[in-house]
Amino acid sequence: MADPKEKFFRHFQAELTLIQDEINNLATISPVGGERQIGIESVLGGISRLSNEVMDAADYIPSYDQRAYSQAIKALTDKLNETTGKLAPKSRFQFKPRSKEGEAATKAQAIPDTRVHRPWGSDGSEHVQQKTAAEPETRDAVGALPSFQAKDYNEELARPDDASERGVRKPSFSTANNIAISGHKGLHIILPSTASRATASGSLTNLDRCIVDMAVPTSSAGVPFAGLALKSIKRSLVIAGHVAGPAHITGIEDSVVVVAARQVRMHDCKNVHVYLHCTSHPIIEDCSGVEFAPLPTHYVDDKLATATPNQWDQVDDFKWLKDTQSPNWNILPEERRVSQDVWKDTVCGSASLKTDDILGQVGVPL
């Protein structure tokens with residue numbers, strides 16, 4: 001096992017990169033519906049958590065390392081402030097002090113030239129009848145432009161579908177910038193290729209007994225997520241697809257997650273099977289009963305096959321600094337892994353099974 005100082009250094013560098021990526025991705029997140037503010041709060045929470053971890057590690061980290069870590073955290077905060085400042089809406093109007101020359105020019109323009117006859121009366125000509133105070137002044141005005149409200153895909157997902165007894169939904173997300181699915185129970189959601197237009201960022205939150213398959217729009221034929229957040233999901237199957245940046249997995253219980261990402265960070269997860277392709281060490285914190293397996297071959301495309309070696313089993317538990325194996329995670333035995341036939345024929349291809357039937361076949365307790 002690695003020395004605690006070395007282990008914390010790797011952890012800090014991974015966290016630093018994750019937060020930097022989140023800050024860089026803020027510009028791609030829509031401000032509509034508070035989505036960007038949620039992203040900013042996530043970054044603030046990550047910086048605060050990292051700062052607390054540095055203080056907690058003071059017992060075994062030399063003072064000069066602590067100073068270096070603190071400076072790096074300050075640089076993160078400065079970068080966040082700079083980024084949010086650029087993204088803040090700018091005022092359309094500004095009041096500028098008028099110079100004396102400008103005032104004089106204005107007054108000169110206000111004095112009518114009696115030598116010029118303007119029938120429209122802008123010079124105060126007597127040839128034009130002046131309006132009395134009682135006569136209202138009429139002005140040409142541009143009519144109010146129609147307002148276009150972003151489509152609420154969650155509302156669409158929640159509608160009863162009489163044509164499907166199995167609760168299968170295929171939202172297009174064709175008019176969205178981001179994929180955000182939240183607050184559903186018992187649905188089988190499959191994103192079509194049109195959703196590849198909305199993979200600037202992705203978030204799945206507050207789901208129970210759901211299947212969410214995002215493999216198609218994020219595959220090599222589509223566009224991978226820049227970043228992905230999974231939060232507060234129970235008894236569900238999430239096929240997250242490909243993530244070019246970090247995948248944050250928080251508060252997941254009794255579920256199965258399939259994901260290919262550059263970085264994976266798990267918090268507060270219990271009894272989760274993770275089928276993973278990760279080009280860096282996966283990180284877990286405050287987790288228990290997490291079991292890892294390599295990404296099923298059904299979801300491995302040519303790009304993944306030639307990518308950096310998969311480090312799915314090189315897990316770092318930063319709440320377990322002892323020289324022994326962490327009890328909070330393990331490798332999922334082959335005999336308990338979902339077979340390739342189930343991934344191909346049941347999860348992706350079966351239209352005859354209900355959501356609960358598919359969840360049972362991949363090992364989700366109901």
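Values below: every heavy atom of this structure, side chains too, minus hydrogens, waters and symmetry copies.
Taking 4.0 Å as the cut-off between side-chain N and carboxylate O, D316 and R10 count as a salt-bridged pair.
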I would like to know whether F292 and I284 meet side chain to side chain contact (heavy atoms under 4.5 Å, CB included); could you show each step before the answer? CA-CA 11 Å; F292 291 88; I284 67 171; 4.0 Å; yes
Can you check side chain to side chain contact (heavy atoms under 4.5 Å, CB included) on M266 and V274, steps first, answer last? CA-CA 10 Å; M266 299 181 67; V274 183; 3.9 Å; yes
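The backbone N or O of I47 lies less than 3.5 Å from no partner atom in the side chain of S51, so there is not a single donor-acceptor pair. Not a single donor-acceptor pair under 3.5 Å links the side chain of S172 to the backbone N or O of T194. Side-chain atoms of N154 come within 3.5 Å of backbone N or O of A180 as a donor-acceptor pair. Put simply, the side chain of S70 never gets that close to the backbone of A68: no donor and acceptor are under 3.5 Å apart. Between the N310 side chain and the C278 main chain, a donor and an acceptor come within less than 3.5 Å of each other.
Sorted by first and then second residue, the pairs that involve residues 260-281 and meet ring-ring contact (aromatic ring centres under 6.0 Å, His included), not counting sequence neighbours, are Y275-W343. Residue pairs meeting the salt bridge (charged side-chain N to carboxylate O under 4.0 Å, His left out) criterion with at least one partner in residues 67-80, sequence neighbours excluded, are K74-D78. Under the side-chain hydrogen bond (donor to acceptor under 3.5 Å, both in side chains) criterion, the residue pairs touching residues 224-240 are D208-R235, with sequence neighbours excluded.
For E155, the side-chain contact (heavy atoms from CB on, under 4.5 Å) partners are D152, R159, not counting sequence neighbours. N25 pairs by the side-chain hydrogen bond (donor to acceptor under 3.5 Å, both in side chains) definition with nothing, not counting sequence neighbours. Not a single side-chain hydrogen bond (donor to acceptor under 3.5 Å, both in side chains) links Q37 to another residue, sequence neighbours left out. Take R262 and apply the side-chain hydrogen bond (donor to acceptor under 3.5 Å, both in side chains) test, not counting sequence neighbours, and it matches D21. Judged as a side-chain hydrogen bond (donor to acceptor under 3.5 Å, both in side chains), and not counting sequence neighbours, Q66 has no contacts. With sequence neighbours excluded, the residues satisfying side-chain contact (heavy atoms from CB on, under 4.5 Å) with K319 are E285, D286, D317. Residues that satisfy the side-chain contact (heavy atoms from CB on, under 4.5 Å) test with V216, not counting sequence neighbours, are S193. Under the side-chain contact (heavy atoms from CB on, under 4.5 Å) criterion, P217 pairs with L191, A195, S196, sequence neighbours left out.
Of the residues N24, V43, T77, the one that meets the side-chain contact (heavy atoms from CB on, under 4.5 Å) test with I19 is V43.
Under the 4.5 Å side-chain heavy-atom criterion for grouping Ile, Leu, Val, Met, Phe, Trp and Tyr, L157 is connected to L230 within one hydrophobic cluster. Linking ILVMFWY side-chain heavy atoms closer than 4.5 Å, directly or via other members, places M55 and L50 in two distinct hydrophobic clusters. Residue L87 is grouped with residue L44 when hydrophobic side chains (ILVMFWY) are merged at heavy-atom distances under 4.5 angstrom, including chains of intermediate members. When hydrophobic clusters are built by joining Ile, Leu, Val, Met, Phe, Trp and Tyr residues whose side-chain heavy atoms come closer than 4.5 Å, directly or via intermediates, V223 is not grouped with L204. I181 and I252 fall within a single hydrophobic cluster, where Ile, Leu, Val, Met, Phe, Trp and Tyr side chains are chained together by heavy-atom contacts under 4.5 Å.
In this structure, NE2 on H298 lies 8.5 Å from CG on D345, to the nearest 0.5 angstrom. For the atom pair CD1 (I179) and CD1 (I189), the distance works out to 11.0 Å, reported to the nearest 0.5 Å. One distance of note links CG of L16 with CZ of F9; it measures 10.0 Å at 0.5 Å rounding. Taken to the nearest 0.5 Å, the CH2 atom of W320 stands 14.5 Å off from the SG atom of C287. Within the model, atoms CD1 of I190 and CE of M214 stand 12.5 Å from one another, a figure rounded to the nearest 0.5 Å. With rounding to the nearest 0.5 angstrom, the CG atom of D356 is 5.0 Å from the CG atom of L366.
I283 belongs to a hydrophobic cluster whose remaining members, ordered by chain and number, are F318; membership requires side-chain heavy atoms of ILVMFWY residues under 4.5 Å apart, directly or through intermediates.
The shortest side-chain heavy-atom distance between Q361 and L353 falls under the 4.5 Å cut-off. Within the 4.5 Å cutoff, side-chain heavy atoms of F8 are placed close to those of Y60. Taking 4.5 Å as the limit, every side-chain heavy atom of N328 sits out of range of all side-chain heavy atoms of V290. The side-chain heavy atoms of L80 and L26, taken from C-beta on, include a pair separated by under 4.5 Å. When side chains are defined from C-beta on, P294 counts as touching R337, because their heavy atoms get closer than 4.5 Å. Residues T218 and V243 form no side-chain contact, since every pair of their non-hydrogen atoms from C-beta on lies 4.5 Å or further apart. When side chains are defined from C-beta on, P296 counts as touching V258, because their heavy atoms get closer than 4.5 Å.
The two atoms that bring D254 and P365 nearest to each other are CB-CG, 3.7 Å, heavy atoms only. The heavy-atom pair separating R36 from A27 by the smallest distance is NH2-O, 3.7 Å. Contact between P192 and P171 at its shortest, heavy atoms only, is CD-O, 3.1 Å. L207 and G183 make their closest contact through CD2-N, 4.0 Å (heavy atoms, listed as atom of the first residue, atom of the second, distance). In plain terms, the two heavy atoms of G251 and C269 that are nearest each other are N-SG, 4.0 Å. Heavy atoms only, all atoms of each residue included: G186 and T355 are closest at O-OG1, 3.6 Å.
Judged by distance alone, the side chains of D213 and H188 never bring a donor and an acceptor atom under 3.5 Å apart.
Ring geometry for Y69 against F12 counts as tilted: the plane angle lies between 30° and 60°, on a 0 to 90° scale.
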